[in-house]
Amino acid sequence: MTRVLSVASECAPLVKTGGLADVVGALPAALAPEGVEMRVMLPGYPAVLDALAREGTVMEDWDLFGGHANLIAATAAGLSLLVVEAPHLYDRTGSIYLGADGHDWSDNPERFAGLCWMAARVAAEGVAGWRPDVIHCHDWQAGLVPDYLRAQGARERTGTVLTIHNMAFHGLAPPTRIASLRLDPERFTPDGYEFWGRISALKAGLVGADKLTTVSPTYAEELLRPEFGMGLDGIMRERRDDLVGILNGIDEAVWDPATDPAVTSYAQPEGKAANKAALRAEFGLPESDGPLCVVVSRLTSQKGLDLLIEALPTLLSNGGQLALLGSGEGWMEEAFRNAAQGGQVGVRLGYDEALSHRMMAGGDAILVPSRFEPCGLTQMYGLRYGTIPVVALTGGLADTVINASPAALSAGVATGLQFHPVTADALRAALAHLCRLYADVNVWTRMQANAMAQPVGWQSSAKAYARLFQDVTRRA
Ligand SMILES: Nc1ncnc2c1ncn2[C@@H]1O[C@H](COP(=O)(O)OP(=O)(O)O[C@H]2O[C@H](CO)[C@@H](O)[C@H](O)[C@H]2O)[C@@H](O)[C@H]1O
């Protein structure tokens, strides 16, 4: 049995802003059959504290970056948790990352340093007879764990794995905070946690963890290149022997078209027509002969939805429609609101988990035109629900979709469409192709069946994580 402490800033279903939460929430159950006992360490945001069945306080800290903290052992939603209850860091209303002004909380470096410090203490001291063999760090918010393990004398006995869900966020802080963040000033170098004159929590993790993973094999290769490395590709090349891409899975119990309570008609794809009619009604869209496309996404430049705004006329002129659920950059929200004026586009701005299920069930196709995508989950939900993914050829989108090329179509194995380069023109061509494929009932039915048969669960990836955790475990 390998004991692993998973350290993250979000975890579904307790607190979620994106795909990170889904993966952190799914891994413990996926790994249990592989002999991994995983506990999840989370910040004590109000939503998390409200959801807990508390077992007790297992550790106290009198000065966790500016205030008192309790470490609470608890369970919630089938997860075994250690929650850092530190009101001065986490008791805030609104977003877990942003203040009301839309900017990062100015003390985000300390807020997530607090999480890392407590994780290192758990490794150094143990809690209630439990001590992790390995700490699994997720993104920059857990990047300081290796440094703090060293500071607390637990580096030698604790294995560390850092998973990169998104290389775009570095967790930067000015060097004036080296002391207050309890970092070793001698490691403020290009080989350490320094990044262009600033502290980078992500870089600290990239140089400090025993092994690095990211969430798809293709993104692991892309990270070695300047176009995708976000200034850290040099480090990634240095560490390429310790880097592995392990494809995300989805929670097949939560995303199950046969039992999904959000869905009007369970039998997929035969039930698609009823689900689509319900979805059209919900979005105020009329009947149409073309495919109903859906998007469920953060509206940021990563996701490439500005390309969709440009390419939309091609979809609509071919009889297609769009239903979009998302929130993010104001100008993009505005552009989609405007597009909705024409009557063939429906837009919901905001975050709505249940609606996202109805969209997978009722859509004919899901569009994911990302400029970069470490893995992507929504195209996998789409596959499971017979909702054909139209994706950019990048990252995990390249690894999870079999493009409807002439060869794949004649072999009868296609599950979706991929376009390259990631431009509005290439997306236009893909949308026109989608409409042609949709018009051919035999081809379309075959693609739906292929999509629904494609494995998208955690089985093989759970084995890969379990092996990796074993590799970094230091046993006497
Ligand atoms: N308005 C809305 N309402 C309801 N649900 C919404 C929503 N907007 C987004 N979601 C949900 O949030 C999740 C987004 O996950 P993704 O993996 O697609 O991207 P994200 O960039 O957040 O994750 C990062 O981490 C994950 C996990 O490793 C990688 O797959 C990904 O490539 C990387 O960018 C999905 O579950 C989606 O359904």
Side-chain angles (χ1 to χ4, degrees), residues 6 8-13 15-27 30 95-97 136-142 162-169 202 212-220 222-223 228 230 245-252 254-255 260 262 294-305 323-329 332-333 336 346-361 363 366-385 387 389 391-392 394-401 456 458 461 465:
S6 173
S9 56
E10 44 186 284
C11 176
V15 54
K16 167 170 168 177
T17 73
L20 166 66
D22 293 285
V23 174
V24 172
L27 276 178
S95 154
I96 56 173
Y97 303 124
H136 186 192
C137 310
H138 297 273
D139 277 349
W140 77 263
Q141 290 90 353
L162 176 83
T163 294
I164 304 157
H165 296 266
N166 198 331
M167 197 68 150
F169 303 109
L202 178 61
L212 306 176
T213 78
T214 189
V215 288
S216 70
T218 295
Y219 193 59
E222 289 172 344
L223 284 175
F228 291 98
M230 308 275 176
I246 303 178
L247 195 66
N248 284 338
I250 62 170
D251 188 328
E252 291 175 299
V254 174
W255 295 95
D260 193 329
V294 298
V295 168
V296 179
S297 184
R298 296 186 286 117
L299 304 180
T300 64
S301 75
Q302 173 191 345
K303 301 296 181 183
L305 292 164
L324 174 138
L325 167 64
S327 64
E329 289 168 19
M332 233 187 271
E333 294 189 352
F336 279 109
V347 172
R348 285 283 180 293
L349 298 175
Y351 190 93
D352 187 335
E353 195 82 26
L355 176 56
S356 74
H357 283 245
R358 294 196 292 278
M359 293 175 74
M360 294 303 157
I366 172 146
L367 312 182
V368 194
S370 306
R371 291 195 164 83
F372 70 96
E373 195 61 78
C375 179
L377 298 175
T378 58
Q379 84 280 9
M380 292 201 273
Y381 305 153
L383 288 169
R384 192 107 207 278
Y385 283 66
T387 306
V391 303
T394 187
L397 303 174
D399 295 334
T400 51
V401 172
V456 286
W458 275 104
S461 296
Y465 274 112

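Numbering starts at 1 and runs along the sequence shown. Basis for what follows: all heavy atoms, side chains included, without hydrogens, waters or symmetry-related copies. All values reported here derive from a predicted model rather than from experimental measurement. All ligand and atom numbering here is 1-based and tracks the order in the structure.
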Between [X] and [Y], do the side chains contain an N or O donor and an N or O acceptor separated by less than 3.5 Å?
{"X": "Gln379", "Y": "Thr400", "result": "yes"}
{"X": "Thr17", "Y": "Glu10", "result": "yes"}
{"X": "Asp139", "Y": "His165", "result": "no"}

How does [X] reach ligand 1, by side chain, by backbone, by both or by neither, if only non-hydrogen atoms under 4.0 Å count?
{"X": "Val23", "answer": "side chain"}
{"X": "Asn248", "answer": "side chain"}
{"X": "Asp22", "answer": "side chain"}
{"X": "Leu377", "answer": "both"}

Does Gly350 have a non-hydrogen atom less than 4.0 Å from ligand 1?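 Under 4.0 Å: yes for Gly350.
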Does ligand 1 have an atom that lies less than 4.0 angstrom from a heavy atom of Gln379?
->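 No, Gln379 has no heavy atom closer than 4.0 Å to ligand 1.
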Exercise for review: With sequence neighbours excluded, tell me which residues meet side chain to side chain contact (heavy atoms under 4.5 Å, CB included) with Glu329.
Suggested key: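 Testing Glu329 for side chain to side chain contact (heavy atoms under 4.5 Å, CB included), a comparison that skips the adjacent residues, returns Thr300, Trp331, Met332.
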Spacing of [X] atom [atom1] and [Y] atom [atom2] [to the nearest 0.5 Å]:
{"X": "Leu247", "Y": "Thr213", "atom1": "CG", "atom2": "OG1", "value": "11.5 Å"}
{"X": "Glu222", "Y": "Phe228", "atom1": "CD", "atom2": "CZ", "value": "4.0 Å"}
{"X": "Cys11", "Y": "Asp22", "atom1": "SG", "atom2": "CG", "value": "9.5 Å"}
{"X": "Ile366", "Y": "Ser356", "atom1": "CD1", "atom2": "OG", "value": "9.0 Å"}
{"X": "Leu212", "Y": "Leu162", "atom1": "CG", "atom2": "CG", "value": "6.0 Å"}
{"X": "Leu20", "Y": "Asn166", "atom1": "CG", "atom2": "CG", "value": "9.5 Å"}

Nearest protein heavy-atom contact for [atom]: which residue, which atom, what distance?
{"atom": "atom 13 (C) of ligand 1", "result": "Gly19 N, 3.6 Å"}
{"atom": "atom 12 (O) of ligand 1", "result": "Lys16 CE, 3.5 Å"}
{"atom": "atom 33 (C) of ligand 1", "result": "His165 O, 3.3 Å"}
{"atom": "atom 29 (C) of ligand 1", "result": "Gly376 N, 3.7 Å"}
{"atom": "atom 3 (N) of ligand 1", "result": "Asp352 N, 3.0 Å"}
{"atom": "atom 31 (C) of ligand 1", "result": "Glu373 OE2, 3.2 Å"}
{"atom": "atom 38 (O) of ligand 1", "result": "Tyr381 CE1, 3.5 Å"}
{"atom": "atom 8 (N) of ligand 1", "result": "Ser297 C, 3.6 Å"}

Which ligand 1 atoms, with their elements, are less than 4.0 angstrom from a heavy-atom of [X]?
{"X": "Arg298", "answer": "8 (N), 20 (P), 21 (O), 22 (O)"}
{"X": "Gly18", "answer": "12 (O), 13 (C), 22 (O)"}
{"X": "Thr378", "answer": "37 (C), 38 (O)"}
{"X": "Val215", "answer": "28 (O)"}
{"X": "Asn166", "answer": "34 (O)"}
{"X": "Gly326", "answer": "1 (N)"}

Legend entry - Set of side chain to side chain donor-acceptor pair (under 3.5 Å) partners for Thr214, sequence neighbours left out: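 Per chain and number, Thr214 pairs via side chain to side chain donor-acceptor pair (under 3.5 Å) with no residue.
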* Asked: For Lys303 and ligand 1, does the shortest N/O to N/O distance drop below 3.5 Å?
  ->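 Yes: some nitrogen or oxygen of Lys303 is under 3.5 Å from one in ligand 1.
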| said: For ligand 1, which is the ligand I care about here, please tell me if Cys375 has any N or O atom under 3.5 Å from one of the ligand's N or O atoms. | reply: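 Looking only at distances, the answer is yes, because the N/O contact criterion of under 3.5 Å is met.
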Taking the six-membered ring for Trp, are His136 and Tyr465 closer than 6.0 Å centroid to centroid?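 Yes, the ring of His136 comes within the 6.0 Å limit of the ring of Tyr465, centre to centre.
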Exercise. Determine whether the aromatic ring centres of Trp140 and Phe169 lie less than 6.0 Å apart.
Key: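 Ring centres of Phe169 and Trp140 not closer than 6.0 Å.
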